[in-house]
Chemist: 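Sharing a structure here in structure tokens format.
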2 protein chains.
Amino acid sequence: MWRVLLVEDQTIVRQGLKVILEQDPNIKVTHEAENGNQAISILEQHIIDFVLMDIRMPEMNGIEATRLIKRNWPKVKILILTTFNDDEYALQALKEGANGFLLKTSEPKKLIEAVHSCMNGGLTLHDEVAAKVMPRLLQYSEHPAISVELSQRELAITKCVGQGKTNKEIAEELHLSIGTVKNHITTILHKTDLRDRTQLAIFALKHHIGEQPL
Amino acid sequence: MWRVLLVEDQTIVRQGLKVILEQDPNIKVTHEAENGNQAISILEQHIIDFVLMDIRMPEMNGIEATRLIKRNWPKVKILILTTFNDDEYALQALKEGANGFLLKTSEPKKLIEAVHSCMNGGLTLHDEVAAKVMPRLLQYSEHPAISVELSQRELAITKCVGQGKTNKEIAEELHLSIGTVKNHITTILHKTDLRDRTQLAIFALKHHIGEQPL
DNA sequence: ACTTAAAAATGACCTCAGTCACTATTTATA
DNA sequence: TATAAATAGTGACTGAGGTCATTTTTAAGT
């Protein structure tokens with residue numbers, strides 16, 4: 001039996017949600033709150049497994065509340081339920097650790113499925129929201145292909161430059177002389193058609209050199 | 001009526017999918033292919049609205065096929081259907097423009113819903129896949145809060161440094177003297193507790209200075 | 001065995017970056 | 001009004017960054 005906290009400022013909507021959720025025998029709406037502040041104090045006093053949260057609320061909004069809840073009760077699952085197909089909100093909420101994002105236009109059955117999914121470690125995204133959010137996220141994860149061949153040493157040095165290290169620090173880390181590091185950098189700059197170490201650092205970050213490829 | 005192409009190497013699975021899909025009156029499985037190559041040649045000869053694609057196939061896999069299809073027929077919707085809850089595949093497929101990603105463990109009804117969602121511009125992600133993929137994507141989109149106050153000028157200069165410009169170039173762009181640019185950079189480096197322009201460039205990229213906030 | 005390329009190193013050389021001190025104007029706020 | 005902060009500038013100094021020529025060793029490929 002999951003103890004659910006409803007956070008929603010409109011009483012009628014709250015009542016409706018309660019009726020829908022309690023059609024499922026696993027769900028028991030044990031508490032209700034009208035805003036983020038109330039939600040926090042309920043969490044401080046009672047054991048809650050799941051929070052169903054509206055975004056736009058007076059006092060403290062859903063994003064803020066999500067942050068605070070996830071900070072203090074990381075195990076509590078949070079599903080965001082909102083009227084607006086707003087990718088900005090969705091992204092913020094997910095960053096704060098929300099376990100799902102549904103629109104109020106969804107069917108009741110979807111809502112219950114989403115609760116189950118959340119409780120089982122899933123993350124339910126409303127299809128339309130996902131379609132808006134994913135392109136933006138994917139754009140950040142793109143690493144342009146490296147068009148030039150860099151040797152292992154050169155990659156190691158490029159990585160260091162991308163971490164903001166000086167030639168001296170790089171020399172020490174790789175057990176080389178400063179002159180050698182300089183020479184390598186000259187070679188790298190020629191190969192990559194870049195001008196100086198700053199541009200090389202930018203190159204390293206954009207190509208995620210030194211990280212696990214996504 | 002949506003004309004659907006099934007791409008799946010196992011005949012039995014293909015048959016099963018066809019039966020499931022055609023329970024929906026809007027869906028007509030007009031063509032079938034055993035691998036990516038066959039899929040491409042079918043698309044070249046017939047009008048297709050929707051492709052349901054397996055990932056692991058002989059000859060040409062689903063990712064590759066997705067790329068080629070989206071390149072040549074960008075309007076065709078593609079839903080990936082796979083046995084494996086593999087976030088690596090999911091990410092690649094989505095990058096190539098796939099309109100959804102479902103596991104074969106999903107219920108038949110979900111599959112049909114996903115087709116509808118795709119055709120209406122949605123993007124259906126299997127909950128478990130989403131739970132794996134989203135944290136990785138969000139990590140890239142994180143911009144740590146800027147802990148120091150930078151003035152407008154300082155932000156403008158930081159942005160330029162993050163684009164790999166020299167002091168001279170910055171001076172010209174902002175109609176300042178080189179000396180002034182240097183002075184600003186000294187101030188910025190003090191405020192941000194950084195050492196040189198390379199570290200500042202890294203700072204600028206990590207904080208996405210000069211971009212629209214996500 | 002011969003060739004090619006990566007890797008390592010040295011020294012000379014020059015430029016740009018960054019610091020510092022000091023000045024001056026504008027703007028906002030206590 | 002006085003004070004602080006942002007903005008803009010100059011000149012002098014130091015050092016790190018980057019280039020180039022040249023050498024040596026090692027490893028891989030034909």
Side-chain angles (χ1 to χ4, degrees), chain A residues 143 145-211 213, chain B residues 143-213:
Chain A
H143 9 10
I146 306 173
S147 52
V148 281
E149 287 286 327
L150 293 181
S151 70
Q152 287 307 304
R153 258 290 183 270
E154 288 166 348
L155 279 175
I157 288 176
T158 303
K159 176 187 161 194
C160 287
V161 172
Q163 291 166 347
K165 297 193 170 109
T166 62
N167 287 340
K168 193 180 162 211
E169 287 169 338
I170 298 173
E172 282 164 6
E173 184 169 326
L174 302 180
H175 309 291
L176 300 172
S177 78
I178 294 180
T180 304
V181 176
K182 287 183 176 183
N183 286 338
H184 278 300
I185 287 183
T186 297
T187 313
I188 298 167
L189 293 178
H190 275 132
K191 282 190 182 178
T192 52
D193 200 28
L194 297 171
R195 200 165 44 189
D196 51 41
R197 66 170 40 250
T198 304
Q199 293 191 346
L200 182 56
I202 296 166
F203 175 90
L205 290 199
K206 290 208 168 154
H207 292 78
H208 297 98
I209 287 172
E211 300 173 27
Chain B
H143 7 12
I146 307 173
S147 51
V148 281
E149 288 285 328
L150 293 180
S151 70
Q152 287 306 303
R153 258 288 183 269
E154 287 165 349
L155 279 175
I157 289 176
T158 302
K159 176 186 160 192
C160 287
V161 172
Q163 291 167 346
K165 296 188 171 118
T166 62
N167 287 340
K168 192 181 163 209
E169 288 169 338
I170 298 172
E172 282 164 6
E173 185 169 325
L174 302 180
H175 309 291
L176 298 172
S177 78
I178 294 181
T180 303
V181 176
K182 286 184 176 183
N183 286 337
H184 278 300
I185 287 183
T186 298
T187 313
I188 298 167
L189 293 178
H190 275 132
K191 282 190 183 179
T192 52
D193 200 27
L194 297 170
R195 199 165 46 191
D196 51 41
R197 78 200 287 97
T198 304
Q199 293 192 344
L200 182 58
I202 296 167
F203 175 90
L205 291 200
K206 291 210 167 151
H207 293 78
H208 296 98
I209 287 173
E211 298 174 27
Q212 266 61 258

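Letters A, B, ... are given to chains in the order of the sequence lines, protein chains preceding strands, and every chain is numbered from 1. Everything numeric here is computed off the predicted structure, so don't read it as measured data.
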Chemist: How many Å lie between CD on B:E154 and C1' on D:dA8, as a whole number?
Modeler: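 Spelled out: CD on B:E154 to C1' on D:dA8 is 13 Å.
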Chemist: Could you run down nucleotides 13-30 of chain C 5' to 3' and tag each one B, S or - for protein heavy-atom contact under 4.0 Å?
Modeler: ----BBBBB---------
Chemist: Just verifying a value: how many Å separate A:L200 CG and A:K191 NZ, rounded to the nearest 0.5 Å?
Modeler: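 Going from the CG atom of A:L200 to the NZ atom of A:K191 covers 12.5 Å.
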Chemist: If I compare all heavy atoms of B:G164 with all of A:Q199, which pair ends up nearest, and what's the gap?
Modeler: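 Minimum heavy-atom contact is O-NE2, 2.9 Å.
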Chemist: Of B:K182, B:H184, B:R197, which is the lone residue that meets side-chain hydrogen bond (donor to acceptor under 3.5 Å, both in side chains) with B:N167?
Modeler: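 Between B:N167 and the candidates, side-chain hydrogen bond (donor to acceptor under 3.5 Å, both in side chains) is satisfied uniquely by B:R197.
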Chemist: How many Å lie between CG on B:L155 and C1' on D:dT7, as a whole number?
Modeler: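 So the two atoms are 14 Å apart, to the nearest Å.
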Chemist: Whole angstrom is fine here: how far is it from CD1 in A:I170 over to C1' in D:dA16?
Modeler: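 Spelled out: CD1 on A:I170 to C1' on D:dA16 is 12 Å.
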Chemist: Under 3.5 Å, side chain of A:E154 to main-chain N/O of A:S151, donor-acceptor pair present?
Modeler: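 Yes, A:E154 side chain to A:S151 backbone: donor-acceptor pair under 3.5 Å.
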Chemist: Does A:K168 reach the side chain of A:V181, with side-chain heavy atoms less than 4.5 Å apart?
Modeler: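 A side-chain contact is absent here, since even the closest heavy-atom pair is not under 4.5 Å.
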Chemist: Out of curiosity, B:I157 CD1 to B:T187 OG1, how far, rounded to the nearest 0.5 Å?
Modeler: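 One finds 8.5 Å between CD1 of B:I157 and OG1 of B:T187.
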Chemist: For the atom pair OG1 (A:T158) and CZ (A:R153), what is the distance rounded to the nearest 0.5 Å?
Modeler: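 Going from the OG1 atom of A:T158 to the CZ atom of A:R153 covers 12.0 Å.
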Chemist: Could you give the CZ-to-C1' distance, from A:R153 to D:dT26, as a whole number of Å?
Modeler: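 Between C1' of D:dT26 and CZ of A:R153: 13 Å.
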Chemist: What bend angle does the helix from C:dT3-D:dA28 to C:dA30-D:dT1 show across its length, from five-pair end axes and to the nearest 10 degrees?
Modeler: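 That helix gives 50° between its end axes.
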Chemist: Can you see if the side chain of A:H184 gets near the phosphate of C:dA7 - specifically, an N or O under 4.0 Å from OP1 or OP2?
Modeler: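 So the side chain of A:H184 is outside the cut-off, no N or O lying under 4.0 Å from OP1 or OP2 of C:dA7.
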Chemist: Which part of the nucleic acid does B:S151 contact within heavy-atom distance under 4.0 Å: base, sugar-phosphate only, or nothing?
Modeler: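 Sugar-phosphate: the residue B:S151, judged by heavy atoms under 4.0 Å, touches backbone atoms but no base.
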Chemist: Which heavy-atom pair separates A:V161 from B:I202 by the least distance, and what is that distance?
Modeler: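 The answer is O-CD1, 3.9 Å.
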